[in-house]
Amino acid sequence: MSAGADRRFDHWFAQRGWKIFPFQREVWRAALKGDSGLLHATTGSGKTYAVWFAALLRAAATKEKGRRKAGLRVLWITPMRALAADTLRALQTSAADLAPAWTVDARTGDTSSGDRARQARRLPDALVTTPESLTLMLSNADARERFAQLDMLVVDEWHELMGNKRGVQTQLALARLRLWNPGLVVWGLSATLGNLARAGEALLGAAPVKPGVTVEGRVRKDIVVDTLIPDHPSRFPWAGHLGIQMLQPVIAEIERHATTLVFTNTRSQAELWYQNLLDARPDWAGRIALHHGSLDREVRDWVELGLKSGQLKAVVCTSSLDLGVDFLPVERVLQIGSAKGVARLLQRAGRSGHAPGRASRVTLVPTHSLELLEAAGAKQAVAERDIESRPVPDKPLDVLVQHLVTIALGGGFRSGELYEEVRGAWSYRDLTPEEWQWALDFVARGGQSLTVYPEYRRVLPDGEGVYRVPDAAIARRHRMGIGTIVSEASIQVKFMSGGRLGSVEEGFISRLRAGDHFLFGGRILEFVRVHEMTAYVRRATGAKGAVPRWQGGKMPLSSELAHAALERMRLATEGVYDGPEMRAVRPLLEVQQRWSALPTPGVTVVERMRSREGHHLFMYPFAGRAVHVGLASLFAWRLARARPATFSIAVNDYGFELLAPEEVAWPDTMDLFSDERLLEDVLASLNATELSQRRFREIARIAGLVFQGYPGQHKSARQLQASSSLFFEVFRKHDADNLLLTQAQREVLEQELELRRLRATLRELRARAVSLHEVKRATPFGFALMVERFREKLSTEKLSDRVARMLRELEKAAGP
DNA sequence: AGAGCCCTCTCGACAT
């Protein structure tokens with residue numbers, strides 16, 4: 001490291017009264033040597049400056065060698081546009097001091113077209129951008145020339161990207177940039193993960209020139225997790241998810257602190273909490289706010305600004321404030337309901353005490369009694385830093401197909417060369433020549449079944465074997481569809497007078513009639529009419545309204561949290577109830593123990609019960625709701641194979657219930673727990689085709705089969721679903737080997753059913769003892785499932801059989 | 001061996 005540069009940086013930090021952390025210097029040294037790597041650091045630890053100064057040092061060094069030419073030197077990738085703005089400001093101020101000649105800019109969707117035109121002529125020295133914008137730049141014919149001077153690339157919040165298709169798209173872009181600049185230095189910034197080593201590998205590619213370095217940002221961050229204990233734990237409900245009983249304690253917490261973030265798990269829950277807070281404290285109008293992903297960007301900007309300026313006392317939010325509040329003064333973080341995972345809890349805790357050396361604190365607010373148990377487990381898992389891994393997707397072909405068209409636009413490609421390049425991306429390291437050929441054929445001819453449609457012949461080789469996009473309309477359509485995020489079709493919500501509020505899903509609006517009231521954006525609105533995918537509303541008074549529901553993913557409880565909860569129950573069986581959470585949940589656990597038993601890491605509890613509804617079987621494997629859906633359907637299927645029967649199924653994160661109207665001979669559990677023919681049984685027990693078809697919608701969009709429509713004139717969900725279903729059917733009939741179909745099925749099994757975890761759970765079930773109990777009434781664990789029941793109704797009985805059974809019952813009722 | 005649930009399911013980007 002040049003002594004001069006070193007001194008300047010020391011001075012820069014000293015001026016601000018900031019201490020240079022050893023890990024920062026470690027990154028500078030490594031990057032100067034040309035090493036790439038992963039920096040594992042918490043937010044608010046000075047991680048941004050660690051890598052940014054590395055870039056400035058490298059620039060200084062190469063400048064000294066006289067190699068400086070105009071062009072983009074540093075690329076900074078961030079997963080969120082909102083984050084880009086704050087990062088940009090931090091980078092610009094330091095560059096102004098240290099490298100005044102540098103231009104630092106952002107390129108995101110927010111940039112006005114004037115800026116873009118200027119950037120198109122000449123890129124700045126450093127650019128802050130998103131994976132999608134980067135890919136878009138790669139689709140320009142002169143991409144290579146523009147990136148020729150690049151010598152450092154930083155991916156911020158890599159842990160947010162690595163586990164999804166956005167991360168895969170980033171990997172593909174990186175493979176390309178590395179090929180153009182073999183000396184490219186790449187650094188990822190990641191929060192704590194169960195699989196940090198994998199994070200580094202995925203970022204640096206399948207065949208790195210040099211092994212990557214991992215730097216630990218060892219700034220000790222104390223994390224405090226505690227719980228708001230209900231005033232009367234013995235009268236706290238056994239089920240439910242809203243947690244409004246905790247309103248008063250939450251108000252008291254908000255009262256006591258300057259700024260509080262109140263995290264909820266769903267958007268509708270956020271709406272309800274906000275409304276309840278305002279009803280209880282009308283004096284807080286204007287001092288508390290609501291923030292979630294369906295609110296209009298302008299509304300959210302206003303809220304974020306209010307937080308920054310300290311005007312807001314509390315914000316009720318969803319994960320929309322998980323990221324991007326790095327520069328906000330938040331004193332207190334509350335989490336209503338289960339945090340579902342340790343990583344998520346840490347992330348949220350990190351929103352408070354956001355400065356080097358200050359402790360972060362999150363307070364759990366249970367919404368039912370068993371969440372007290374979960375809270376005790378969460379505390380332990382956080383203390384042990386037992387954090388979830390994020391699996392990296394394995395060669396998703398929809399993303400590859402999109403990439404092929406992007407590269408055909410960005411200068412064209414030769415098949416063999418691009419194949420090698422793509423295999424340099426970690427996710428595609430095992431891509432076979434056959435798979436490659438399939439993907440190429442798919443974009444060149446439309447595969448087996450679409451050959452007659454010219455719009456699916458998207459790339460063509462020229463006389464020299466270079467694949468390009470021959471058609472301007474196809475090119476434009478492709479650029480408009482770049483990216484891997486597929487959202488539900490939604491309807492804009494606007495006041496009659498014109499103000500934009502946000503969006504709700506089509507299905508919700510279609511159930512409303514003119515004059516109906518609903519709660520959205522913290523206001524009671526009267527629905528007027530729908531016109532061109534916009535719902536017009538006016539302010540309503542008095543009466544409460546329906547709360548919109550959104551269709552989101554259903555996040556299961558993580559294994560880490562589930563195991564911690566089981567462990568706490570094992571201690572409880574030994575009479576150990578330590579901590580306020582365990583003491584509060586003690587009466588409930590004792591009832592469970594008296595009526596039945598407590599599930600522990602070594603014991604599976606199974607309960608049988610008869611009621612007017614029929615014959616119930618409850619089981620509590622603690623494997624998360626996705627696995628319980630799989631297990632319940634699998635068991636129902638296996639039971640019904642022995643003797644046809646209909647089962648109603650209910651699941652939650654702790655267990656599941658099977659209910660049969662008629663007597664069922666429950667067989668030996670070990671037969672149920674077998675993983676023989678597991679895949680076949682799982683596929684048969686669930687409607688696998690329907691699940692794949694739903695999944696295929698996303699794949700068809702990413703692969704460029706379905707066009708979302710031009711901005712502002714979005715197609716309706718029905719239209720989009722119809723066209724993706726059409727492709728699904730055509731492929732199934734005429735192109736059964738279509739690899740996108742295979743991918744849809746694989747994604748269902750891996751992501752929606754968590755097949756690996758299901759298999760692991762079956763293994764655990766076989767190893768554990770079964771504690772079987774005949775119960776007269778639902779136990780505390782069973783009660784929650786009974787409440788849950790009619791949401792998830794599944795049947796293994798064919799319709800005709802069901803009709804036959806109903807007829808039999810009718811006959812019985814009618815008598816002889 | 002008391003009754004207990006108001007309704008559930010995040011986020012993120014790009015393009016004319």
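A note on names: the letters A, B, ... follow the listed sequences, proteins ahead of strands, and every chain is numbered from 1.
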Could you please name the option among [options] that lies closest to any side-chain atom of [X]?
X: A/Arg549; options: B/dC14, B/dT8, B/dA1; result: B/dT8
X: A/Arg166; options: B/dC5, B/dT16, B/dA13; result: B/dA13
X: A/Val591; options: B/dC11, B/dC6, B/dA3; result: B/dA3
X: A/Ser320; options: B/dA1, B/dC9, B/dG12; result: B/dG12
X: A/Arg267; options: B/dC11, B/dC5, B/dT8; result: B/dC11
X: A/Lys554; options: B/dT16, B/dC9, B/dC7; result: B/dC9
X: A/Leu136; options: B/dT8, B/dC14, B/dG12; result: B/dC14
X: A/His241; options: B/dA15, B/dG12, B/dT8; result: B/dT8
X: A/Met480; options: B/dT16, B/dT10, B/dC14; result: B/dT16
X: A/Arg777; options: B/dA3, B/dG12, B/dC5; result: B/dA3

Task: A/Ser133 vs B/dC14: side-chain N/O to OP1/OP2 distance below 4.0 Å - done: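 Yes.
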
Open item on the list: So, OP1 or OP2 of B/dA13: does either fall under 4.0 Å of a side-chain N or O from A/Arg701?
Closed with: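 So the side chain of A/Arg701 is outside the cut-off, no N or O lying under 4.0 Å from OP1 or OP2 of B/dA13.
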
Listed partners of [X] passing salt bridge (Lys or Arg N to Asp or Glu O under 4.0 Å), at least two apart:
X: A/Arg344; value: none
X: A/Lys340; value: A/Asp653
X: A/Glu590; value: A/Arg586

Select base, sugar-phosphate, or nothing to describe what [X] touches, counting heavy atoms under 4.0 Å on all strands.
X: A/His292; answer: sugar-phosphate
X: A/Leu272; answer: base
X: A/Leu242; answer: base

Open item on the list: Just to verify, what does A/His616 make a side chain to side chain contact (heavy atoms under 4.5 Å, CB included) with, not counting sequence neighbours?
Closed with: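 Partners of A/His616 by the side chain to side chain contact (heavy atoms under 4.5 Å, CB included) criterion, ordered by chain and then number, come out as A/Met609, A/Ser611, A/Glu613, A/Phe618, A/Glu657, A/Leu659, A/Met786, A/Arg789.
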
Open item on the list: Wobble G-U and Watson-Crick pairs count when both distances are under 3.5 Å; given that, what is the 5' to 3' dot-bracket string of DNA chain B, with | for pairing to other strands?
Closed with: ................

Task: With A/Ile336, the side chain to side chain contact (heavy atoms under 4.5 Å, CB included) member among A/Leu364, A/Val316, A/Val262, A/Asn265 - done: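 That would be A/Val262.
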
- [ ] Applying side chain to side chain donor-acceptor pair (under 3.5 Å), name anything that partners A/Glu388, two or more places apart in sequence or on another chain.
- [x]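 A/Glu388 satisfies side chain to side chain donor-acceptor pair (under 3.5 Å) with A/Ser558 once adjacent residues are dropped.
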
Task: Interatomic distance, A/Arg477 CZ vs B/dA15 C1' [rounded to whole Å] - done: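 Going from A/Arg477 (CZ) to B/dA15 (C1'), I get 13 Å.
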
